[in-house]
Participant: 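Below is the structure I would like to discuss, written out as structure tokens.
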Amino acid sequence: MKKQQQYRNWLCAALLVSLLFTGYAAEYQLDDIVVTGVRVHEALISEHNEVPGGQVARTADYGVLGNRDTMTTPFNATTFTDKTITDIQASNITDVIAMDASTNNQTLSGASQAWAIRGFRAQQQDISFNGLHGIAPRFYTGVEGIERVEVLKGASALLYGMSPNGSVGGNANYVPKRAKQGETKILLNLLMVTVSNSDNKSI
């Protein structure tokens with residue numbers, strides 16, 4: 001009984017002290033804090049929003065968030081333009097994706113393409129086409145019909161949905177070419193291959 005009485009006394013004392021501090025805190029008021037800042041200029045969502053040099057664009061398609069400025073969106077993405085594809089003379093899509101410092105080429109055959117984003121392997125089946133999975137070519141993709149390649153580093157299931165093969169390092173999105181009013185430019189890619197027969201004669 002004596003121990004129970006001591007316990008009750010200590011409990012009452014603790015409650016009184018807490019009430020005193022609660023009343024003191026309620027009477028104390030902090031000074032007002034004013035935070036000022038300058039809004040970051042957002043790039044216009046248009047066809048001509050490349051940074052100086054023209055190889056990288058300021059906007060990307062962030063799935064459910066839509067087309068947004070990469071500088072004001074809390075995701076890490078790089079958008080390579082058709083100028084990059086032309087300048088590096090890319091023969092397939094992996095040449096473009098590997099331009100990002102967070103990726104590397106892991107293609108082992110000519111039939112299927114693969115790469116790693118932030119160390120996690122991704123394959124051609126994990127590619128999205130205009131933000132949708134399951135539409136891009138399954139094994140091999142050339143660059144003839146691609147206008148831009150958007151590489152998102154980091155978790156992307158919230159934006160694009162779960163990728164078919166379950167890659168978690170990021171997502172690559174193809175933006176196809178579209179006809180532009182008044183444009184008559186035609187680009188051709190030529191590849192010359194030399195094959196020798198048994199008589200060592202080039203064909």
Side-chain angles (χ1 to χ4, degrees), residues 41-73 75-107 110 112-118 122-154 156-161 163-165 167 169-191:
H41 174 69
E42 294 190 7
L44 296 175
I45 309 301
S46 64
E47 297 177 355
H48 305 287
N49 51 23
E50 294 84 4
V51 299
Q55 293 188 339
V56 179
R58 275 282 300 269
T59 61
D61 182 6
Y62 289 93
V64 296
L65 298 180
N67 202 8
R68 298 173 61 92
D69 185 359
T70 57
M71 301 299 291
T72 58
T73 306
F75 292 92
N76 189 353
T78 304
T79 301
F80 297 106
T81 65
D82 58 342
K83 189 175 187 302
T84 301
I85 298 174
T86 303
D87 289 349
I88 67 174
Q89 299 182 9
S91 60
N92 57 66
I93 206 65
T94 310
D95 294 339
V96 184
I97 295 176
M99 290 288 293
D100 193 284
S102 299
T103 67
N104 64 337
N105 188 355
Q106 293 191 350
T107 301
S112 180
Q113 297 169 318
W115 49 86
I117 302 178
R118 289 187 174 178
Q123 296 179 353
Q124 182 66 35
Q125 294 88 337
D126 294 325
I127 287 292
S128 60
F129 189 88
N130 260 358
L132 297 175
H133 291 294
I135 302 178
R138 182 174 176 81
F139 293 105
Y140 181 86
T141 301
V143 294
E144 293 78 15
I146 304 299
E147 179 78 18
R148 291 184 175 186
V149 179
E150 300 169 345
V151 182
L152 176 72
K153 285 84 70 177
S156 60
L158 174 66
L159 303 178
Y160 301 99
S163 57
N165 279 3
S167 61
N171 184 73
N173 180 53
Y174 299 160
V175 179
K177 288 182 177 178
R178 294 181 175 87
K180 298 181 178 63
Q181 184 177 4
E183 185 176 273
T184 58
K185 179 176 64 175
I186 299 176
L187 296 178
L188 296 176
N189 292 328
L190 300 178
L191 178 64

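Values below: every heavy atom of this structure, side chains too, minus hydrogens, waters and symmetry copies.
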Participant: Mind checking the CD-CE spacing from Gln55 to Met99? Nearest 0.5 Å is all I need.
Facilitator: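 Reported to 0.5 Å precision, the distance equals 6.0 Å.
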Participant: Between Thr78 and Lys153, is any side-chain donor less than 3.5 angstrom from a side-chain acceptor?
Facilitator: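 Looking only at side-chain atoms, Lys153 and Thr78 do form a donor-acceptor pair, the distance falling under 3.5 Å.
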Participant: Counting only N and O atoms by type, is there a donor-acceptor contact under 3.5 Å from the side chain of Asp95 to the main-chain atoms of Ala98?
Facilitator: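 Absent.
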Participant: Determine whether Asn173 and Val149 make a side-chain contact, defined as any pair of heavy atoms from C-beta on separated by less than 4.5 Å.
Facilitator: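 Side-chain contact under 4.5 Å: no.
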Participant: Identify the two heavy atoms, one from Gly154 and one from Arg118, that lie closest to each other, and give their separation to 0.1 Å.
Facilitator: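 Taking Gly154 first and Arg118 second, the nearest heavy atoms are CA-NH1, 3.6 Å.
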Participant: Output, in order, the C-alpha distance, side-chain angles, deciding distance and verdict of side chain to side chain donor-acceptor pair (under 3.5 Å) for Asp69 and Thr73.
Facilitator: CA-CA 6 Å; Asp69 185 359; Thr73 306; over 6 Å; no
Participant: Report yes if the side chains of Pro176 and Asn130 come closer than 4.5 Å at any heavy-atom pair, otherwise no.
Facilitator: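 Side-chain contact under 4.5 Å: yes.
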Participant: State the CD1-OG distance between Ile127 and Ser167, to the nearest 0.5 angstrom.
Facilitator: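 If I round to the nearest 0.5 Å, the distance is 8.5 Å.
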Participant: Any side-chain heavy atom of Arg58 sitting closer than 4.5 Å to one from Met71?
Facilitator: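 Heavy-atom side-chain distance check passes, below 4.5 Å.
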Participant: Measure the CD-CG distance between Gln113 and Asn105 for me, rounded to the nearest 0.5 Å.
Facilitator: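 Reported value, rounded in 0.5 Å steps: 8.0 Å.
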Participant: If you measure from CG on Leu152 to CD1 on Ile117, what distance do you get to the nearest 0.5 Å?
Facilitator: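 Reported to 0.5 Å precision, the distance equals 8.0 Å.
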Participant: Any idea which heavy atoms bring Pro164 and Gln125 closest together, and the distance?
Facilitator: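 In terms of heavy atoms, the two residues are closest at CG-O, 3.3 Å.
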Participant: Without hydrogens or angle criteria, can the side chains of Asn49 and Thr59 be said to hold a donor-acceptor pair below 3.5 Å?
Facilitator: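 Distance-only check passes for Asn49 and Thr59.
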Participant: Should Tyr174 and Ser128 count as side-chain neighbours, where that means a heavy-atom distance under 4.5 Å?
Facilitator: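 Of all side-chain heavy-atom pairs linking Ser128 with Tyr174, none is under 4.5 Å.
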Participant: When you compare the side chain of Val151 with that of Phe80, does any pair of heavy atoms fall below 4.5 Å?
Facilitator: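 Phe80 vs Val151: side chains touch.
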Participant: Do Glu150 and Val175 come close enough that some side-chain heavy atom pair is under 4.5 Å?
Facilitator: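 Side chain of Glu150 against side chain of Val175, heavy atoms only: contact under 4.5 Å found.
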Participant: If we ignore angles and hydrogens, is there a donor and acceptor under 3.5 Å between the side chains of Ser163 and Asn171?
Facilitator: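 Judged by distance alone, the side chains do not pair up.
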Participant: Between Ile93 and Gln124, is there a side-chain heavy-atom distance shorter than 4.5 Å?
Facilitator: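 With C-beta onward as the side chain, the pair touches.
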Participant: Does any part of the side chain of Arg148, heavy atoms only, come nearer than 4.5 Å to the side chain of Glu50, both counted from C-beta?
Facilitator: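 Yes, their side chains come closer than 4.5 Å.
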Participant: Anything under 30° is parallel, anything over 60° is perpendicular, the rest tilted; go ahead and classify His133 against Tyr160.
Facilitator: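 Taking Tyr160 first and then His133, their aromatic rings stand perpendicular (interplane angle over 60°).
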Participant: To the nearest 0.5 Å, how far apart are OG1 in Thr94 and CH2 in Trp115?
Facilitator: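 If we round to the nearest 0.5 Å, Thr94:OG1 and Trp115:CH2 are 5.5 Å apart.
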Participant: Using the rule side-chain hydrogen bond (donor to acceptor under 3.5 Å, both in side chains), only one of Asp87, Thr86, Thr81 pairs with Lys83; which is it?
Facilitator: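 Output: one option passes, namely Asp87.
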Participant: With rounding to the nearest 0.5 Å, note down the distance linking OH in Tyr62 to OG in Ser156.
Facilitator: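 These two atoms lie 12.5 Å from each other.
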